Amino acid sequence: MCGRTSCHLPKEVLARACAYRDRQGHQRLPEWRDPDRYCPSYNKSPRSSSPVLLSRLHLEKDADPSERIIAPMRWGLVPFWFREEDPAKLQINTSNCRSDTIMEKRSFKVPLVKGRRCVVLADGFYEWQRRQASNHRQPYFIYFPQIGTQQSEQVGTVSSPEDWDKIWDNWRPLTMAGIFDCWEPPAGGDCLYSYSIITVDSCRVMSDIHNRMPAILDGEEAVSKWLDFGEVSAQEALKLIGPTENIAFHPVSSVVNSSWNNTPECLFPLHLLAGKELKGSASSQKMLQWLATKSPKKEEPKTPQKAESDAPQWSSQFLQKSPVTPKRGSASLLERWLKRGQEEEPVAKRPHTQ
């Protein structure tokens, strides 16, 4: 499944990352449609608006079908047959659609047969692994391996937030297969474009995290065929769908658990956050001061120890495993208290529903 993504790149950078060649062999950048509706976010959830690639022919009659458009669409397909005035009243979950049943469900089959195929763009997506014998779920950020950054020779192993920032200079977005539909409100008004992400069984390297993953289109040829609904039939296009092993991932902070939180910490590698100071509310700062002055005994810093975990190992070519230093005593209680305060106080407003 896929229930949360990140897409925070500026629209100009995202367009450059989606450069392609048209049928004449000319290199082009996809044209933005309704760019003001694009809201960059580190933490996108269903019903928010996300950018997708689609053929220009879907929006302009007689256009060159090889030309591409980037358009923000609502995540969670609203079927053409839905008759309520408010799309939020749709009772079925359409944020994802399974590849093995896509031809069995009217909501997905009709758009697919009509050629309404799109490529959902994201920095990457999040997935949660449930730990054995506990209710704790560890979030992961999953994305394409990055091998073409402008400063690749300086990046090496990421060991600081500053190094992590450098890799966004030439980020390769994740390209996920999707279908979209156009819903017309019963009382009239503008058409609402919305999409679903197609999912498949997880690849081997990701199976320990979750048993499902998005259908990732790896490479320009796969993207081009998926978008070319005129030359590539639905049945042929479905042959492009399947698990890919070409992914990287790393554990991230539980701050991503709440869709209200929209900060870079959502996708930072967990070991980069281990040494950062926790920012709490005014009351938590008072608690910190109280512990500093009233605590009868202060412990000396402990030597970091390796923490055992059943989580998958690092799967990124530039990220190394760096366990979080365990906390003890009153410091551990304070850390848990502050983290709880962070989760209860949203950092940013929830993305607007389109």
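The shown structure was predicted, so the numbers you read here are calculated from the model rather than taken from an experiment.
- For residues 104-117, every residue pair satisfying the salt bridge (charged side-chain N to carboxylate O under 4.0 Å, His left out) rule, not counting sequence neighbours, is listed here: R116-D181.
- One N or O on the side chain of N261 and one on the backbone of V255 form a donor-acceptor pair closer than 3.5 Å.
- Listed by chain and number, the residues in a disulfide (SG to SG under 2.5 Å) with C203 amount to none (sequence neighbours excluded).
- Between the side chain of D228 and the backbone N or O of E231 there is at least one donor-acceptor pair closer than 3.5 Å.
- For L59, the side-chain contact (heavy atoms from CB on, under 4.5 Å) partners two or more places apart in sequence, or in a different chain, are R33, L54, I69, Y193.
- Shown here are the salt bridge (charged side-chain N to carboxylate O under 4.0 Å, His left out) partners of K61, two or more places apart in sequence or in another chain: there are none.
- Using modelled atom types and a 3.5 Å distance limit, the side chains of Q235 and S233 yield no donor-acceptor pair.
- Here the CG atom belonging to D36 is positioned 8.0 Å from the CG atom belonging to D34, to the nearest 0.5 angstrom.
- Residues forming a side chain to side chain donor-acceptor pair (under 3.5 Å) with R56 (at least two apart in sequence, or on another chain): E31, E60, E67.
- Interatomic distance, CG of L121 versus CD1 of I70, reported as 6.0 Å (0.5 Å rounding).
- Here ring pair (Phe, Tyr, Trp, His ring centres under 6.0 Å) pairs that include residues 46-74, with residues two or more places apart or in two chains, are H58-F180, H58-F229.
- One finds no salt bridge joining D123 and K44 here, because no Lys/Arg side-chain nitrogen approaches an Asp/Glu carboxylate oxygen to under 4.0 Å.
- Within the 3.5 Å criterion, the main-chain N or O of K11 finds a donor-acceptor partner in the side chain of W32.
- You'll find the side chain of W81 stays beyond 4.5 Å of the side chain of V110, heavy atoms only.
- Under the 3.5 Å distance criterion, the side-chain polar atoms of T175 are matched with a main-chain donor or acceptor of L217.
- Within the 4.5 Å cutoff, the side chain of S202 has no heavy atoms near those of the I209 side chain.
- In this structure, R137 contributes its side chain and W128 its backbone to no donor-acceptor pair below 3.5 Å.
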>> With side-chain contact (heavy atoms from CB on, under 4.5 Å) as the criterion, how do M103 and V113 come out once you've worked through the C-alpha distance, each side chain's angles and the decisive distance to 0.1 Å?
In response: CA-CA 9 Å; M103 296 298 287; V113 171; 4.2 Å; yes
>> Run the side-chain contact (heavy atoms from CB on, under 4.5 Å) test on D201 and R212 for me, step by step, so that the C-alpha distance in whole Å, both residues' side-chain angles and the decisive distance to 0.1 Å come before the verdict.
In response: CA-CA 5 Å; D201 290 334; R212 302 288 295 178; 2.8 Å; yes
> Are L270 and S253 close enough, and set up right, to give a side-chain contact (heavy atoms from CB on, under 4.5 Å), and what steps lead you there?
Replying inline: CA-CA 6 Å; L270 193 58; S253 166; 4.2 Å; yes
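- Nearest heavy-atom pair across C18 and P30 is O-CD, 3.3 Å.
- Not counting sequence neighbours, the partners of Q24 by the side-chain contact (heavy atoms from CB on, under 4.5 Å) test are D22, H26, D64.
- With sequence neighbours left out, Y42 forms a ring pair (Phe, Tyr, Trp, His ring centres under 6.0 Å) with H8.
- Under a hydrophobic clustering in which Ile, Leu, Val, Met, Phe, Trp and Tyr are joined whenever their side-chain heavy atoms come within less than 4.5 Å, directly or via other members, V232 and I179 fall into different clusters.
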> C7 and S50: side-chain contact (heavy atoms from CB on, under 4.5 Å), yes or no, with the steps?
Replying inline: CA-CA 8 Å; C7 192; S50 296; 5.8 Å; no
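- Between L238 and I102, the closest side-chain pair of non-hydrogen atoms falls below 4.5 Å.
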>> I'd like to know whether Y126 forms a ring pair (Phe, Tyr, Trp, His ring centres under 6.0 Å) with H210, so could you lay out the CA-CA distance, the side-chain angles of the two residues, the decisive distance to 0.1 Å, and finally the verdict.
In response: CA-CA 11 Å; Y126 300 100; H210 200 277; over 10 Å; no
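- Not a single donor-acceptor pair under 3.5 Å links the side chain of S55 to the backbone N or O of L227.
- Between the side chain of N96 and the backbone N or O of R98 there is no donor-acceptor pair closer than 3.5 Å.
- Shown here are the side-chain contact (heavy atoms from CB on, under 4.5 Å) partners of R172, two or more places apart in sequence or in another chain: F144, Q146, D218, N246.
- In this view, S99 satisfies the side chain to side chain donor-acceptor pair (under 3.5 Å) rule with no residue, not counting sequence neighbours.
- With hydrogens and angles ignored, the 3.5 Å screen pairs no side-chain donor or acceptor of S224 with any backbone N or O of E221.
- One distance of note links CD of E265 with CG of N43; it measures 12.0 Å at 0.5 Å rounding.
- Judged by distance alone, the side chain of W75 and the main-chain N or O of S45 form no donor-acceptor pair under 3.5 Å.
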Donor-acceptor list for residues 83-90 side chains, cut-off 3.5 Å, not counting sequence neighbours:
{"unit_1": "R83", "atom_1": "NH1", "unit_2": "F80", "atom_2": "O", "d": "3.2"}
{"unit_1": "E85", "atom_1": "OE2", "unit_2": "A187", "atom_2": "N", "d": "3.1"}
{"unit_1": "D86", "atom_1": "OD1", "unit_2": "A88", "atom_2": "N", "d": "3.0"}

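- Applying the ring pair (Phe, Tyr, Trp, His ring centres under 6.0 Å) criterion to Y20, with sequence neighbours excluded, gives no partner residue.
- For the atom pair H250 NE2 and F268 CZ, the distance stands at 9.5 Å (nearest 0.5 Å).
- For the atom pair CD1 (I241) and CG (D100), the distance works out to 12.0 Å, reported to the nearest 0.5 Å.
- Between F82 and W183, the ring planes are tilted. Angles from 30° to 60° get that label.
- Nearest heavy atom pair, residue V252 against residue Q138, reads O-NE2, 2.9 Å.
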